Structure formats: C-alpha cells, structure tokens
Student: 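My questions will all concern the structure given below.
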Amino acid sequence: MLPIEESIHILKGDNIKYSRAGGAAGSILLIETENSNSIWIWCYWEIYHSGRLLATADDDATANVGKIAVAAKKLEGKRIEQIELSLIKYDLIVYFADDYRLIVNCESQPDGEKYPLNNWELIIKKLNTQYFVTCNFIVIQKLLKREFGDGSE
C-alpha cells in the first residue's frame with residue numbers, strides 16, 4: 001500500500017463528478033471523481049475562485065441554495081490540476097481547472113471529546129485503499145472491504 005503523500009497525487013488529472021455540502025450534511029464536503037476516488041472533509045475548509053472566497057465550512061449550510069451548497073457544486077466538472085499536502089498537520093490545497101481552489105485546514109481533537117474524530121478521508125479505488133486523517137494528526141490506512149457483486153466472491 002502506498003503512503004498518503006503518494007496516493008493523494010493519484011487524484012491529479014481526475015475530473016470531479018460530484019461535489020456536495022450543506023443541507024442535512026452541514027459543512028461536510030464530499031468530492032467524488034470520475035475514477036470513483038473520493039475525499040470526505042469534516043474539518044474547516046474554504047473554496048476560492050480567481051482569488052475570491054466563495055464559501056467556508058462556517059457559512060450558510062441551507063440545502064441547495066446556501067453558500068456552502070452553491071460553492072461545492074461549482075467544483076463539479078472541474079479537473080484537479082495540482083494537490084499540496086502538508087506532512088505536519090495534513091492540511092490540503094487542491095487546485096482545480098478554471099482557477100478554483102479548495103483549502104482544507106485540519107483541526108485538533110476537541111477537549112473532552114471521548115471518541116476520536118477525523119479531519120478528512122481519502123478513498124483511492126484503484127489501490128483499494130482508504131485513508132483517514134485524524135484530529136490527532138495521524139493517518140490511518142485501511143484496505144477497502146470488498147462488496148458482493150464486484151467479482152471477488
């Protein structure tokens with residue numbers, strides 16, 4: 001299995017098939033590519049276009065029409081051109097076509113929280129691998145479970 005710093009670059013060149021946040025999901029941002037790779041983001045994020053801030057994880061999360069939902073949807077159809085990953089706190093910067101940019105800022109585990117929380121998750125289908133970046137800034141790497149009907153039975 002590849003480490004996360006190598007695996008994240010597999011997304012380069014992928015086109016975004018689906019990008020959603022808002023509504024019942026609140027600020028959770030899900031981005032899925034045409035190659036069935038995906039990123040789930042639970043921590044603080046910002047989406048920019050041509051240097052202008054479109055939305056943050058703290059903005060209006062109203063389904064379909066809130067700032068979060070509108071900004072997330074604008075990433076659909078865009079190609080991932082470059083990705084930067086900080087190996088200290090695992091912050092991300094994802095550069096998309098047409099001068100869109102996503103900045104992900106990882107957060108530490110909240111005081112008093114009993115259960116470990118995650119900042120973001122990466123799924124790379126062709127590697128059959130899932131990565132979790134925890135709020136303790138640790139990467140957990142797992143093989144994806146095989147589903148029935150995928151030819152592996």
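All values below come from the heavy atoms of this structure, side chains included, with hydrogens, waters and symmetry mates left out. As the structure is a computational prediction, the values presented were derived from the model and not from experiment. Just so you know, residue 1 is the first one in the sequence shown, and it goes up from there.
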Student: Side chain to side chain contact (heavy atoms under 4.5 Å, CB included), that's the test. Do Thr129 and Gln141 meet it? Break it down for me.
Tutor: CA-CA 7 Å; Thr129 304; Gln141 184 175 1; 3.8 Å; yes
Student: Nearest 0.5 Å, please: how far is CD1 in Ile16 from CG in Leu102?
Tutor: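 Spacing of CG (Leu102) from CD1 (Ile16) equals 9.5 Å.
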Student: May I have the step-by-step check of side chain to side chain contact (heavy atoms under 4.5 Å, CB included) for Leu92 and Ile8, ending in yes or no?
Tutor: CA-CA 10 Å; Leu92 278 176; Ile8 194 77; 4.1 Å; yes
Student: Which atom names give the shortest non-hydrogen contact between Ala21 and Ile68, and what distance separates them?
Tutor: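 Shortest heavy-atom contact: CB-CG2, 3.2 Å.
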Student: Output the distance between atom OG (Ser27) and atom OH (Tyr44), rounded to the nearest 0.5 Å.
Tutor: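 Rounded to the nearest 0.5 Å, the OG-OH separation comes to 10.0 Å.
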Student: In terms of hydrophobic clusters joined by side-chain contacts under 4.5 Å, are Ile41 and Tyr48 together?
Tutor: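 No, separate clusters.
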Student: Using the test salt bridge (charged side-chain N to carboxylate O under 4.0 Å, His left out), find all partners of Asp98 that sit at least two apart in sequence or belong to another chain.
Tutor: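 Residues passing salt bridge (charged side-chain N to carboxylate O under 4.0 Å, His left out) with Asp98: Lys78.
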Student: Please report the closest heavy-atom contact between Asp14 and Ile10, naming both atoms and the distance.
Tutor: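 In terms of heavy atoms, the two residues are closest at OD1-O, 4.2 Å.
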Student: Could you measure the distance from the CD atom of Gln130 to the CD1 atom of Ile123? Nearest 0.5 Å is fine.
Tutor: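 Result: 4.5 Å between the selected atoms.
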Student: Return yes if some donor-acceptor pair links the side-chain N/O of Gln109 with the main-chain N/O of Tyr115 below 3.5 Å, else return no.
Tutor: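 Present.
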Student: Quick one: does Ile80's side chain get under 4.5 Å of Phe96's, heavy atoms only?
Tutor: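 A side-chain contact under 4.5 Å exists here.
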Student: Got a sec, which pairs hit salt bridge (Lys or Arg N to Asp or Glu O under 4.0 Å) with one end in residues 19-41, sequence neighbours left out?
Tutor: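 Qualifying pairs, neighbours excluded: Lys17-Glu32, Arg20-Glu76.
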Student: Any side-chain heavy atom of Ser7 within less than 4.5 Å of one from Leu127?
Tutor: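 With C-beta onward as the side chain, the pair touches.
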Student: Output side-chain donor-acceptor pairs under 3.5 Å for residues 53-61, partner residues at least two apart or in another chain, one line each.
Tutor:
from, atom 1, to, atom 2, distance (Å)
Thr56, OG1, Asp58, N, 3.0
Asp59, OD2, Thr56, N, 2.8
Asp60, OD1, Thr62, N, 2.9
Asp60, OD1, Thr62, OG1, 2.6
Asp60, OD2, Thr62, OG1, 3.4

Student: Does Asp91 use its side chain to pair, donor to acceptor, with the backbone of Cys106 at less than 3.5 Å?
Tutor: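 Flag set: sc Asp91 to bb Cys106 pair under 3.5 Å.
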Student: For residues 46-55, which residue pairs pass the salt bridge (Lys or Arg N to Asp or Glu O under 4.0 Å) check, not counting sequence neighbours?
Tutor: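 Passing the test, one end in residues 46-55: no pairs.
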Student: Looking at Phe137 and Tyr90, what are the two nearest heavy atoms and their distance?
Tutor: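 In this case the closest contact between Phe137 and Tyr90 is O-CE1, 3.5 Å.
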Student: Not counting sequence neighbours, which residues clear salt bridge (charged side-chain N to carboxylate O under 4.0 Å, His left out) with Lys74? List them please.
Tutor: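 Lys74 satisfies salt bridge (charged side-chain N to carboxylate O under 4.0 Å, His left out) with no other residue.
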Student: In the single-linkage hydrophobic clustering (I, L, V, M, F, W, Y; side-chain heavy atoms under 4.5 Å), do Leu87 and Phe132 co-cluster?
Tutor: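 No, no single cluster joins them.
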Student: Output yes when a side-chain donor or acceptor of Glu107 lies under 3.5 Å from a complementary backbone atom of Asn119, and no otherwise.
Tutor: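 Checked: no pair found.
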Student: Measure the CG-OG distance between Leu30 and Ser19 for me, rounded to the nearest 0.5 Å.
Tutor: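 It comes to 7.5 Å.
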Student: Could you tell me which non-hydrogen atom of Tyr131 sits nearest to which non-hydrogen atom of Leu2, and how far apart they are?
Tutor: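 Taking Tyr131 first and Leu2 second, the nearest heavy atoms are OH-O, 2.5 Å.
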Student: Is there side-chain contact between Val94 and Leu11, with at least one heavy-atom pair below 4.5 Å?
Tutor: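 No, every pair of side-chain atoms sits at 4.5 Å or beyond.
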Student: According to side-chain contact (heavy atoms from CB on, under 4.5 Å), who are the partners of Ile93, at least two apart in sequence or on a separate chain?
Tutor: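 Ile93 satisfies side-chain contact (heavy atoms from CB on, under 4.5 Å) with Glu84, Tyr95, Arg101, Ile103 once adjacent residues are dropped.
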Student: Any idea which heavy atoms bring Val133 and Lys89 closest together, and the distance?
Tutor: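 For Val133 versus Lys89, the nearest heavy atoms are CG1-O, 4.5 Å.
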Student: Any idea which heavy atoms bring Ala72 and Leu29 closest together, and the distance?
Tutor: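 Closest pair (atom of Ala72, atom of Leu29, distance): CB-CD1, 3.6 Å.
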Student: How far apart are the C-alpha atoms of Asn118 and Trp40, what are their side-chain angles, what is the distance that settles it, and do they pass the side chain to side chain contact (heavy atoms under 4.5 Å, CB included) test?
Tutor: CA-CA 10 Å; Asn118 295 323; Trp40 287 84; over 6 Å; no
